[in-house]
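Naming convention: chains lettered A, B, ... in sequence-line order (proteins, then strands); numbering from 1 in each chain.
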2 protein chains.
Amino acid sequence: MARYHSFDCPIARILNTFGDHWTWLIVREAFYGKTRFTEFQRSIGIAKNLLSERLAHLIDEGIFEREDVGNRGTRYAYRLTEKGRTLLPILIAMYQWGNTHVFGDGKEPVLLVDRKSKRPLETIVPRDQEGNVLSLSEVAAAPGPKASKETKAKLAQSVLSVDRGV
Amino acid sequence: MARYHSFDCPIARILNTFGDHWTWLIVREAFYGKTRFTEFQRSIGIAKNLLSERLAHLIDEGIFEREDVGNRGTRYAYRLTEKGRTLLPILIAMYQWGNTHVFGDGKEPVLLVDRKSKRPLETIVPRDQEGNVLSLSEVAAAPGPKASKETKAKLAQSVLSVDRGV
DNA sequence: CGGTATCCCATTTGATACTG
DNA sequence: CAGTATCAAATGGGATACCG
């Protein structure tokens, strides 16, 4: 499982945990309110041994926590931690991409909505710190405070952009 | 590869293509400006046969397109299509989550910035259609126009929320 | 319910060699 | 450069059995 391609990259790091599709489905079910081992198992159709291993890994990573819900230590609830809950924007972006590009406008089986108004969310887009919407080509990758020499070199010749010529 | 867990779910569908970590790394490299087979191969350290298969799949899915860049059909460029480019918000959300929860504030090796101001992007958050920021617990999943009976039943008893009691 | 322990099979992987 | 072909080895997956 652990691979750690290019250690400096947040994407590579996140894929160390989430490069597996079962893991995303478990997280999705948690957002849908599932908490119990058997609920996860049945709703996503995963084998018990795999679910057990994935949940243990997610707990190690601080994404889930396991709570004993009584019955003399025979009932447990798996809940997203704060760290796990902040995965929601990623899930939302995936939902919206899937709705637009897999199902298409007007053919969505599931929509994400504002709980109060029941109207669909705005499509997630990048913004600057003033809240202004940025086009995709206005987004760039830059070395951060802890960039290694290799990362700086790599970023110097890259663009994180989409509209450059050959 | 193809699994199609719960066919109605955009997450399950997206994972059909992106449930594999190599695929995300290929897309990341494309955003960094890579276009050539060998560039991808070396930069992410993937075996040629795997890269070949993944790229073919991504082209099938309309995420990439292959362009002959001369030299009598011996040089090709792989580029993101419009569909592929709109994956960027997902990548941004992943970057930001990784920066916050893997590296931590002030310790980021790579930052995503506004190309003009060079300042980091705003952290992606859900908003309603008026642009108002929603808390995670204000986001809900609702049946869309093409929800199956099963999907409606499932959503009726779920919450896509995080703050409910047991 | 909430797991652990095996076992075995199918698939995936990555190295190597080869090609135009 | 841009792949295809092959193949042994590792891995992952799922079924079954078992347990507190």
Side-chain angles (χ1 to χ4, degrees), chain A residues 1-6 12 15-27 29-30 33-61 63-80 157 166, chain B residues 1-6 12 15-26 29-30 33-61 63-80 166:
Chain A
M1 191 82 128
R3 289 180 181 268
Y4 293 110
H5 321 263
S6 52
L15 291 173
N16 195 51
T17 301
F18 294 96
D20 161 66
H21 74 191
W22 290 123
T23 302
W24 284 115
L25 294 175
I26 293 167
V27 171
E29 291 303 311
K34 300 284 199 308
T35 62
R36 309 296 291 273
F37 189 92
T38 307
E39 285 184 304
F40 289 114
Q41 197 210 327
R42 276 200 302 253
S43 59
I44 68 182
I46 185 176
K48 288 171 145 196
N49 51 348
L50 300 188
L51 178 56
S52 177
E53 185 214 318
R54 296 295 194 278
L55 282 173
H57 185 220
L58 286 165
I59 289 169
D60 278 352
E61 298 282 320
I63 313 287
F64 276 85
E65 57 196 354
R66 189 173 88 153
E67 183 195 350
D68 188 321
V69 288
N71 236 312
R72 305 176 305 282
T74 65
R75 300 289 186 278
Y76 300 96
Y78 295 88
R79 296 179 203 287
L80 290 164
Q157 50 149 14
V166 181
Chain B
M1 191 81 130
R3 290 181 180 267
Y4 293 111
H5 321 262
S6 52
L15 291 173
N16 196 49
T17 301
F18 293 96
D20 161 65
H21 74 191
W22 290 121
T23 301
W24 283 115
L25 293 175
I26 293 167
E29 290 303 311
K34 298 284 198 309
T35 62
R36 308 296 289 275
F37 189 92
T38 307
E39 285 184 306
F40 288 114
Q41 197 210 326
R42 276 200 301 253
S43 61
I44 68 182
I46 185 177
K48 288 169 146 200
N49 53 347
L50 300 188
L51 177 57
S52 178
E53 185 215 318
R54 296 296 194 279
L55 282 172
H57 185 221
L58 287 165
I59 290 169
D60 278 353
E61 299 281 320
I63 313 287
F64 276 86
E65 56 197 355
R66 189 174 88 153
E67 182 195 351
D68 188 322
V69 288
N71 237 311
R72 304 176 307 283
T74 65
R75 301 289 185 278
Y76 301 96
Y78 294 88
R79 294 179 204 287
L80 290 164
V166 182

To the nearest angstrom, the CG-C1' distance between L50(B) and dA5(D) comes to 14 Å

- Kindly say whether G19(B) contributes a backbone atom to a donor-acceptor pair with the side chain of W24(A) at under 3.5 angstrom? no

Would you say E61(B)'s side chain and L58(B)'s backbone share a donor-acceptor pair under 3.5 angstrom? no

Of the listed dG14(D), dA2(D), dG2(C), the closest approach to the R75(B) side chain comes from dA2(D)

(request) Run the numbers on I59(B) and Y78(B) for side chain to side chain contact (heavy atoms under 4.5 Å, CB included), then give the verdict. (result) CA-CA 9 Å; I59(B) 290 169; Y78(B) 294 88; 3.8 Å; yes

(Q) Assess whether a salt bridge exists between R54(B) and D20(B), defined as any Lys/Arg side-chain N lying under 4.0 Å from an Asp/Glu carboxylate O. (A) yes

Contacts of E29(B) meeting side chain to side chain donor-acceptor pair (under 3.5 Å) (sequence neighbours excluded), chain-then-number -> K154(A), K34(B), S43(B)

Rounded to whole Å, the CD-C1' distance (E67(B) to dA2(D)) equals 15 Å

Any donor-acceptor pair under 3.5 Å from R66(A) side chain to A77(A) backbone: no

In whole angstroms, the gap separating P of dT11(C) from CG of D20(B) amounts to 17 Å

Between dT13(C) and R54(B), is there an OP1 or OP2 to side-chain N/O distance shorter than 4.0 Å?
-> yes

Atom pairs under 3.5 Å: protein N/O with N/O of nucleotides 3-10 of chain C:
| from | atom 1 | to | atom 2 | distance (Å) |
| --- | --- | --- | --- | --- |
| dG3(C) | OP1 | R66(A) | NH1 | 2.5 |
| dG3(C) | OP1 | Y78(A) | OH | 3.0 |
| dG3(C) | OP2 | Y78(A) | OH | 2.1 |
| dG3(C) | N7 | K48(A) | NZ | 2.7 |
| dG3(C) | O6 | K48(A) | NZ | 2.6 |
| dT4(C) | OP2 | S52(A) | OG | 2.1 |

With respect to the phosphate group of dG2(C), does any side-chain polar atom (N or O) of R36(A) fall under 4.0 Å of OP1 or OP2?
-> yes

Does a nitrogen or oxygen in the side chain of T74(A) sit under 4.0 Å from OP1 or OP2 of dC1(C)?
no

Whole-Å distance, L51(A) CG to dG13(D) P, equals 13 Å

Between CD of Q41(A) and C1' of dC1(C) the distance, given in whole Å, is 11 Å

H21(B) NE2 to dT11(D) C1', in whole Å, measures 13 Å

Rounded to whole Å, CG of L25(B) lies from P of dT13(C) at a distance of 13 Å

Axis-to-axis angle across the helix from dC1(C)-dG20(D) to dG20(C)-dC1(D), five pairs each end, nearest 10 degrees, ~ 40°

Rounded to whole Å, CZ of R42(B) lies from C1' of dA2(D) at a distance of 12 Å

Note to self: If you define the side chain from C-beta out and look only at heavy atoms, does anything of L51(B) sit under 4.5 Å from W22(B)?
What the structure shows: no

Of the listed dC1(D), dT13(C), dG14(D), the closest approach to the W22(A) side chain comes from dG14(D)

Sorted by chain and number, sequence neighbours left out, side-chain contact (heavy atoms from CB on, under 4.5 Å) with A47(B) holds for N49(B), L50(B)

Residue set satisfying side-chain contact (heavy atoms from CB on, under 4.5 Å) with R42(B), at least two apart, ordered chain then number -> T38(B)

